[in-house]
Amino acid sequence: MVVARTEPSTVVIDDCRRVFLFPVLYKADRTGIFTVPEMAEPSKTYNPADVEEKWHRRWDDSECFRGDESSEKQGYSIVIPPPNVTGILHLGHVLNNTIQDILCRRARQADRAVLWLPGTDHAGIATQTKVERRLREEESKTRHDLGRDAFLERVWQWKEKHGGIITTQLKKLGCSCDWSRERFTMDEGYSKWVSHVFVKLFEEGLIYRGRRMVNWCPVSLTALSDEEVIMKPQRSKLYTMRYELADTQGNGTGEFLEIATTRPETLMGDTGVAVNPKDPRYGRYVGRTILRPFPRAAIPIVADEHIDIEFGTGVLKVTPAHDRADFEIGQRHGLPAIDVLTPDGHVNCPEVPQLHGLERFEARRRAVEILAEMDLLVSEEDYQNNIGFSERADVPIEPRLSMQWFLRYPSVQRAIDAVAGDEIVFRPKHWKKTYLRWMENIQDWCISRQLWWGHRIPVWYRREDAASLKEKALDVVDRDRGEIHVGIDSPADPENWEQDEDVLDTWFSSWLWPFATMTECEGADSETVKKFYPTADLSTGPDIIFFWVARMIMAGLHFRGESPFKNVYFHSIIRDIKGRKMSKSLGNSPDPLDLIAQYGADGLRFGLLRIAPTGTDVRYDEKQIEAGRNFATKLWNACRYRQMQDGNQADGHSPARPLAECRLSPFDIDILARVERLRGDLDIAFEEYRFNEATALLYEFFWSNFCDRYLESIKEDFREGADVERKVLTLAVIDEVLRYFLPLLHPVMPHITEEIWEQLGLAGDGGGPLATQVLGAQSPLAGVAADAVAAGRELAARTYEAAGRVRNLKADYNLASRKDVPIILKPVEECAVFGAAGGIGAGRVAMTLQLLAGAGSLAIDATFAAPGGTPSILTDLGEICMPLDGLIDMDAERARVGKELAKVDTEVDKAEKKLANPKFVENAKAEVVEEARQRLTEWQEKRERLSAMLENLA
RNA sequence: GCGCAGGUAGCUCAGUGGUAGAGCGGUUCGUUUACACCGAAUUGGUCGGGGGUUCAAAUCCCUCCCUGCGCACCA
């Protein structure tokens, strides 16, 4: 078996710093030991691994991505959406960070001082859960076994061990972050910001503590915000049971009311039954009492508008402790709240021993049985309802009454105005509505979490009163009374105080990210924040628009007086090919590192960008990544081809004169004009954050225009005995195109462009890495007269078009792959001036036409008289005949021309009809009408000539 | 229920009033020394249905159908 392994070789072949980048092929023997290369052979495929690694090192060493706060240049900044510190990279990260990398690299090219500030988030619940699980699995311990301090020590250890992973992965992707400024939400300075903000909001009366109905996760044992609850449709049962009126018999023989419920296991907490006051069926019951079966008790029947007459039986059991709506009904009617569940979701009701201690779903089944035994169960039917699940633990949450800290959001109206008035621009713009809708219905934020990993609430209670204070609703007044201490620092006499046990919601730190990463909360502003705040762009997923984006806007406005960013770009959510969300449990989420290993970081970046950025969501298809890799290979090979020509060269590498003074061919002019045009088109595409369009432009230019047309047509210049001057000029044009193109591609594919840039020596003397190149304003066609450019491009376009038509013709005769077919061009009059553009004679056009058409020979002969039946086509260069000795088939040719004529006929009809319509001529834009006229003329001419051809064939 | 986004070629998607596009796939041909991760040709669409506005609609309006997402919910 022969194993090929590539090693970069650095054979200096001349004094121009050009080296052979293309690796030497080594062969391994059966032992796997590499032996002396048998022969040097350039690799046909780009091998990203070594190249990428090398450039990561180079960029790192040169510190070229450091955000220079003292720069004279205009600042540009992005803060990274901090990934979970213990998380690993997924495709969403790849897309999002590629976008940010592009924005930053382009900003550097535009000569801005750029800061891309990286960092990670402590991710309270997620991280704590991970460490707890490990503790349970490996040591069979809970966090309580360790105690708070020891447990936190473990979490920090875990963070130290696993915290760097995602950062390393981002580096592999080529992210040009300023790694020297990496931040973590639990850094000391950052934590100080969190406390500072808490204290400030508390002082403003926006933070308060109270006993409220919250979303409780019975697994994580903490309260959650509304945003952390995911509603999911569930198949469940709707049970109808009956409660007996207490004032009739009370012994099972009196009057009953039927009540529908999905949660019979909470009926021990029922403290009332409610009907709608407008419901004629039940008016007479209101004010009476009814018997709760277990524990048996008489509870009042109340009338409440909230009850839906249509639903179920129109009678609701009111369980104020276990349902948000019931709680409110209870408040309105003075019904007590009886908590019958433990925090971890077990029944807590010693009065009913059959249920006491049972897990909540087990208790539900058991409660139904008991009801049936008591003959109180009327029916049981399948029912679909929506249940809230906890985002992290993925179990149904319990509405639970508990003492928590809440925030009334600050600067809400300003945050609404900023987005509504486009001070902050959302893209795609429809997300604006989603944002405004949420902001306009904003609810207080439950910010306390019963966790240990996070920022501890900076509130202390007087030790002697702590027990009672912890049960009390609190606000700023209580501090003024000296009962509690709220401050960044602990009280001076800590032995007399007890700190609140809870920590803050992770997002309560994340919402400060854009400025808390840049400056300290006390004292003078840092130079960094002065230079780089507010940031320019935020790129993130629409799934965290409420969690993060909206809150950052409020925090920025409130604490810095300025919105934290100008533009928000919401990238699409990546789904699998079947449209499902990527998830670990489905196993449909490819590991980006595998993809990088297989396709290269550049290929991955390019491939994802091609499909991802416009819609709301996008289906991931590995074929796209493959296309990205293929594009890298194409680029590699085109440059390899260019480099191979160095060896053929007699006299130096570039013409002594500037390009504009050389005899540029129409094709030289065309490709140079196109690469310049590409730059303008890219500017527009990126300006509008249309990343997919940008990749399409780059792909189209390089593959179709540069490789398939230009490179294919200049190969003659490198053949034995070709004109040396022309060869040198062609090399110069290729170099100029690459010198212009590679920087344009660089933000998308940074590694391979750097490598080629260096190896081809395109930077010139003293030029640094491509990553540091500022794009100049120089046109590749500077000094070339505008009319020469126009004429050259016109002639090039005609030639390319004609070559395509000849290929079609060949295919019609099943000769597509034949290279020996002779063709004869009878030039049209206006093309008789071959050579007007750039002083190059007809030979250049003829050569290109012949090469691209794949013809064996080309004669230019205005007087050529084709034998009858010779296949020919009409092009903008003239009539092109393909005499096929021995292959001529009059019938076939007649059929072909007839078919073409028919097609042209319908086109003429269409165009005539359009122009015959006076309203069209009247109303349409002048250029549209003019275009239609021209088209008609062209079709008519073509029809005439085709008719003549058909006659000749007859 | 309310809102948002989408329905264009077999697949993934571009295309906002003026000749329906790309990539992938399929088919046929081709290894000519940059590249088979390639080249050439070719196949393939009454642009979700219906109605309207307009000289002209994939594009604007109305309506219906389907898909995805968000918000709110009926116990």
Side-chain angles (χ1 to χ4, degrees), chain A residues 22 42 44-46 226 231 238-239 259-263 274 306-319 323-326 329 383 385-386 428 430-434 437-438 441 542-543 545-546 573 575 577 579 581 599 603 607 610-612 614-621 623-624 626-645 690 692-693 696 699-700 704 707-708 711-712 715 718 804 807-808 810-812 814-819 852 854 907 910-911 913-914 916-925 927-929 931-932 935 939:
Chain A
F22 307 101
K44 289 178 178 179
T45 53
Y46 167 61
D226 296 345
M231 299 305 281
L238 185 64
Y239 304 95
I259 303 171
T261 182
T262 52
R263 301 205 60 191
H306 174 264
I307 312 305
D308 181 354
I309 296 175
E310 304 294 320
F311 188 88
T313 60
V315 185
L316 171 73
K317 73 185 195 66
V318 183
T319 323
D323 185 280
R324 209 171 265 239
D326 288 14
I329 295 171
Y383 179 65
N385 60 346
N386 284 329
H430 64 257
W431 292 113
K432 186 169 161 177
K433 275 199 178 174
T434 307
R437 212 174 128 94
W438 186 76
N441 296 292
D543 48 337
I545 188 166
F546 311 137
I573 303 287
R575 298 175 177 282
I577 197 75
K581 214 166 179 172
Y599 301 109
R610 283 185 90 195
I611 47 169
T614 49
T616 45
D617 58 355
V618 74
R619 285 163 198 236
Y620 166 77
D621 185 352
K623 286 275 178 205
Q624 296 293 345
E626 207 177 305
R629 186 265 324 258
N630 293 354
F631 186 58
T633 306
K634 188 73 176 176
L635 174 67
W636 183 257
N637 277 301
C639 294
R640 187 166 72 108
Y641 174 69
R642 183 262 167 262
Q643 193 172 34
M644 284 165 70
Q645 307 318 321
R690 296 162 68 110
N692 59 332
E693 189 177 310
Y699 189 94
E700 155 86 10
S704 306
C707 292
D708 289 349
L711 281 191
E712 286 306 323
K715 288 187 171 171
F718 301 131
R807 288 197 302 265
N808 294 347
K810 283 172 65 188
D812 281 342
N814 283 326
L815 302 168
S817 298
R818 290 267 294 263
K819 302 291 174 193
L852 293 185
E907 293 298 335
K910 243 161 68 181
K913 223 174 244 173
K914 194 164 199 175
N917 182 344
K919 289 196 174 171
F920 168 67
V921 180
E922 217 172 282
N923 297 330
K925 276 189 227 160
E927 63 257 36
V928 172
V929 177
E931 214 180 288
R935 206 175 301 142
W939 287 123

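Keep in mind that this is a model prediction, so the values were computed, not measured. First the proteins, then the strands, lettered A, B, ... as listed; each starts at 1.
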For this session: Report the C-alpha separation of A:W939 and A:K910 in whole Å, then their side-chain angles, then the decisive distance to 0.1 Å, and conclude whether the side-chain contact (heavy atoms from CB on, under 4.5 Å) test is met.
Result: CA-CA 10 Å; A:W939 287 123; A:K910 243 161 68 181; over 6 Å; no
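Comparing B:A34, B:C38, B:G18 against the side chain of A:C707 picks out B:A34 as the nearest. You'll find that the side chain of A:Q624 is closest to B:U12, out of B:U12, B:A34, B:G25. Of the candidate nucleotides B:C69, B:C24, B:C35, B:C24 has the atom lying nearest to any side-chain atom of A:K623. Listed candidates were B:A34, B:G25, B:C55. Nearest to the side chain of A:N923 is B:C55. Of the listed nucleotides (B:C35, B:G23, B:U19), B:C35 has the atom at the smallest distance from the side chain of A:T633.
To the nearest angstrom, P of B:A34 lies 14 Å from CG of A:D708. One can place CZ of A:R640 at 9 Å from C1' of B:U33, the figure rounded to the nearest angstrom. Atom CD in A:Q645 sits about 8 Å away from atom C1' in B:A34, given to the nearest Å. The CZ-C1' distance, from A:F920 to B:U19, rounds to 11 Å in whole Å. Computed from coordinates, the A:N808 CG to B:G39 P distance equals 17 Å when rounded to whole Å. Atom P of nucleotide B:C35 and atom CG of A:N637 are separated by 6 Å, given to the nearest angstrom. Distance CZ (A:R690) to C1' (B:A14): 9 Å, rounded to an integer number of Å. Look at OH on A:Y699: it is 12 Å from P on B:A22, rounded to the nearest Å.
Counting non-hydrogen atoms under 4.0 angstrom, A:A696 reaches nothing in the nucleic acid. Contact annotation for A:E712: base contact, defined as any heavy-atom pair under 4.0 Å involving a base atom. In this structure, A:L238 reaches neither bases nor backbone, as no heavy-atom distance under 4.0 Å exists between it and the strands shown. Nucleic acid contact for A:N441: none, since no nucleic acid atom lies under 4.0 Å from a heavy atom of the residue. Residue contacts for A:R629: at a heavy-atom cut-off of 4.0 Å it reaches a base atom on one of the strands shown. Nucleic acid contact for A:A325: sugar-phosphate only, since backbone atoms but no base atoms lie under 4.0 Å from a heavy atom of the residue. A:Y239 comes within 4.0 angstrom of no nucleic acid atom, judged by non-hydrogen atoms across all strands. Contacts of A:K810 with the nucleic acid, taken as non-hydrogen atoms under 4.0 Å apart, are absent. Residue contacts for A:D543: at a heavy-atom cut-off of 4.0 Å it reaches no nucleic acid atom on any strand shown. Among the heavy atoms of the strands lying under 4.0 Å from A:R935 is at least one base atom, whether or not backbone atoms are also near.
Distances shorter than 4.0 Å separate none of the side-chain N or O atoms of A:K913 from OP1 or OP2 on B:C55. Put simply, A:R619 has a side-chain N or O that comes within less than 4.0 Å of OP1 or OP2 on B:U12. Phosphate contact (OP1/OP2 of B:G3, side-chain N/O of A:K433, threshold under 4.0 Å): absent. Here A:N692 does not reach the OP1 or OP2 of B:G23: none of its side-chain N or O atoms lies under 4.0 Å away. Applying the 4.0 Å criterion to OP1 and OP2 of B:A56, one finds that A:K914 has every side-chain N and O outside that range. OP1 or OP2 of B:A75 has at least one side-chain nitrogen or oxygen of A:Y383 nearer than 4.0 Å. Taking side-chain N and O atoms only, A:R807 has no distance below 4.0 Å to OP1 or OP2 of B:G30.
Nucleotide B:G6 is matched to B:C66 when pairs are restricted to Watson-Crick or G-U wobble geometry with both distances under 3.5 angstrom. Pair assignment for B:A40 gives B:U28, based on Watson-Crick or G-U wobble hydrogen-bonding distances that are each under 3.5 Å. With a cut-off of 3.5 Å on both pairing distances, the Watson-Crick or G-U wobble partner of B:C71 is B:G1. If you check B:U46 for Watson-Crick or wobble pairing at under 3.5 angstrom, you find it has no partner at all.
Counting non-hydrogen atoms of other residues, nucleotides and ligands closer than 6.0 Å to CD of A:E927 gives a total above 12.
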Dump every N/O contact between nucleotides 70-73 of chain B and the protein below 3.5 Å, one line per pair.
from	atom 1	to	atom 2	distance (Å)
B:G70	N2	A:R437	NH2	3.3
B:A72	N6	A:N386	ND2	3.4
B:C73	N3	A:N386	ND2	3.0
B:C73	N4	A:N386	ND2	2.4

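For A:Y620, there are no ring-ring contact (aromatic ring centres under 6.0 Å, His included) partners two or more places apart in sequence or in a different chain.
Nucleotides B:G51 and B:G17 place their P atoms 24 Å apart, quoted to the nearest Å. Look at the C1' atom in both B:G15 and B:G21: the space between them is 7 Å, to the nearest Å. With both ends at atom P, the span from B:C35 to B:G26 equals 24 Å, rounded to whole Å. Here the separation of B:A56 from B:C64, taken at their P atoms, is 26 Å to the nearest Å.
For the contact set between residues 311-318 of chain A and RNA chain B, defined by any heavy atom under 4.0 Å, the members are A:F311, A:G314, A:L316.
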